[in-house]
Number of protein chains: 2
Amino acid sequence: MTLITTKPRRGRPLKSAQENRDTKAELIRSGLEQLTESGFASSGIDPILKRVGVPKGSFYHYFSSKEAFGLAVIESYANYFANKLDTYLLDESYPPLMRIKNFADNAKAGLERHHFKRGCLVGNLGQEVDLLPESFRQILIDIFDAWQLRVSQCFKLAQTHGDLSTTADCDQLSECFWIGWEGAVSRTRLVQSSTPLDNYLNHFIAGLPR
Amino acid sequence: MTLITTKPRRGRPLKSAQENRDTKAELIRSGLEQLTESGFASSGIDPILKRVGVPKGSFYHYFSSKEAFGLAVIESYANYFANKLDTYLLDESYPPLMRIKNFADNAKAGLERHHFKRGCLVGNLGQEVDLLPESFRQILIDIFDAWQLRVSQCFKLAQTHGDLSTTADCDQLSECFWIGWEGAVSRTRLVQSSTPLDNYLNHFIAGLPR
DNA sequence: ATCATAATAGACCGATCGTCTAATTAAATG
DNA sequence: CATTTAATTAGACGATCGGTCTATTATGAT
């Protein structure tokens with residue numbers, strides 16, 4: 001929990017104080033934490049503001065609505081996550097399948113670090129998509145597609161490395177990877193232990209056609 | 001959407017009339033629909049009541065709290081689902097692995113019938129478990145265990161049939177099946193098409209050790 | 001100085017949440 | 001059949017929270 005010490009000052013802030021504080025970015029970061037824990041529909045604006053000590057009035061200065069805010073948070077997360085994926089999946093110091101394992105280990109560490117209270121934002125929102133503004137659905141689908149593309153290309157590399165059957169449909173394999181992945185993250189949060197994630201990943205890798 | 005025609009009658013009901021309207025059961029059924037669509041935290045009591053034309057006052061006559069109601073709905077669903085699993089997985093007119101496929105086909109038909117608006121109650125609640133009364137967590141875990149046991153035993157049958165490697169760890173395999181299953185249901189709802197579920201199941205069966 | 005712009009403070013109102021009390025009706029009792 | 005008790009419903013109630021809006025204070029340009 002992030003606590004704020006400085007008391008709110010009324011009116012536009014002094015230039016000096018303003019510079020070391022990017023309120024909009026902080027709101028997005030706080031929102032990211034909140035939404036990865038509680039999803040969108042059940043998340044109030046107030047707790048997001050309180051985490052960073054920003055009053056409610058500021059919120060609608062930076063964002064036109066909760067929906068617009070949600071979209072900003074999603075975009076931020078998608079960027080962050082795509083970069084993370086690239087970091088691991090394009091790391092040529094490991095063979096392709098090992099890169100996936102490395103990514104998984106990193107994600108696992110993240111879940112543990114937050115005591116299994118935070119999940120995958122896209123997975124969370126995907127599950128509650130019927131409660132969300134309709135604009136969210138396609139965006140979430142597109143994000144999954146982007147992730148799948150990356151893993152799919154990693155599989156193709158694995159094929160050239162001889163670690164994966166050349167007859168395998170990499171796109172479909174990648175879709176299955178992410179489908180199972182989200183289920184594993186969810187289960188991991190439920191039981192508050194990483195073993196489901198481990199079991200799932202081992203099973204997935206072991207089941208790949210050679 | 002289920003609509004009710006009979007209007008609520010004030011006061012204690014006639015002994016005769018009482019029999020053909022089990023309000024409590026109707027509330028549970030309505031709650032089941034609501035919770036499989038929207039989860040627990042975001043589901044209000046009012047919509048559940050309106051679906052069956054029962055006034056709010058009745059609710060707390062039958063249930064001491066929303067939490068108690070939720071537990072009743074979960075229990076009802078767990079029973080329903082366990083029976084469904086038994087129906088398919090113990091059907092000796094099919095070989096074991098085919099029984100799993102039959103179950104999946106049935107579940108798929110259910111998703112389609114409701115236009116992908118309803119998911120798996122246990123999967124839904126599992127994802128939002130941090131928002132729920134703490135009593136829910138262990139119950140959800142236990143339900144998954146019960147489902148996994150059934151599928152695990154089906155795998156063991158498959159081993160004796162020679163359709164599955166005898167060195168396979170059936171319990172772990174079953175856990176992975178359900179992990180992926182929940183992910184597939186979630187994705188299916190997101191994209192509003194059964195293909196993720198199909199792809200996942202095909203991939204899972206194809207990846208089993210022989 | 002003045003005026004438009006940037007940013008914050010916090011009140012505000014309607015909606016909704018879960019709960020509770022009173023009213024209503026039948027059954028049970030004698 | 002009069003009275004008490006049980007079953008059920010009606011709707012009020014307080015608390016919370018959602019998104020919005022107005023007032024306040026500072027900056028920057030002319």
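Just so we're on the same page: letters track the sequence lines, and every chain starts at 1.
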>> Could you check whether Glu37(A) pairs with Arg118(A) (Lys NZ or Arg NE/NH1/NH2 to Asp/Glu carboxylate O, under 4.0 Å)?
In response: yes
> Okay, side chain of His61(B), backbone of Gly57(B): is any donor-acceptor separation there less than 3.5 Å?
Replying inline: no
> CZ of Phe63(B) versus P of dT8(D): gap in Å, rounded?
Replying inline: 12 Å
>> If I take atom NE2 in residue His61(B) and atom P in nucleotide dG11(D), what distance separates them, rounded to the nearest angstrom?
In response: 18 Å
> Can you check the Leu49(A) CG to dG19(D) P distance for me, whole Å?
Replying inline: 11 Å
>> Is there a side-chain contact between Ser58(A) and the phosphate of dA7(C), meaning an N or O under 4.0 Å from OP1 or OP2?
In response: no
>> Using the side-chain hydrogen bond (donor to acceptor under 3.5 Å, both in side chains) criterion, which residues pair with Glu182(A)? Sequence neighbours excluded.
In response: none
> Which whole-number value in Å describes the distance from Tyr62(B) OH to dA10(D) C1'?
Replying inline: 14 Å
> Lys50(A) NZ to dG10(C) C1': how many Å, rounded?
Replying inline: 12 Å
> So, for Leu201(A) and Phe177(A), which heavy atoms are closest and what is the spacing to 0.1 Å?
Replying inline: CD1-CE1, 3.8 Å
> Hey, does the side chain of Thr23(A) come within less than 4.0 Å of dT8(C)'s phosphate (OP1/OP2), counting only N and O?
Replying inline: yes
Tabulated below should be each protein N or O lying under 3.5 Å from an N or O of nucleotides 17-20 of chain C; please produce it.
| residue | atom | partner | partner atom | Å |
| --- | --- | --- | --- | --- |
| dG18(C) | OP1 | Lys66(B) | NZ | 2.5 |
| dG18(C) | OP2 | Ile45(B) | N | 3.2 |
| dG18(C) | N7 | Lys56(B) | NZ | 2.8 |
| dG18(C) | O6 | Lys56(B) | NZ | 3.1 |
| dT19(C) | OP2 | Tyr60(B) | OH | 2.0 |
| dT19(C) | OP2 | Lys66(B) | N | 3.3 |

> Heavy-atom distance under 4.5 Å between the side chains of Ile205(B) and Lys101(B), does that happen here?
Replying inline: no
>> Going by side-chain hydrogen bond (donor to acceptor under 3.5 Å, both in side chains), name the residues that satisfy it together with Asp46(A), two or more places apart in sequence or in a different chain.
In response: none
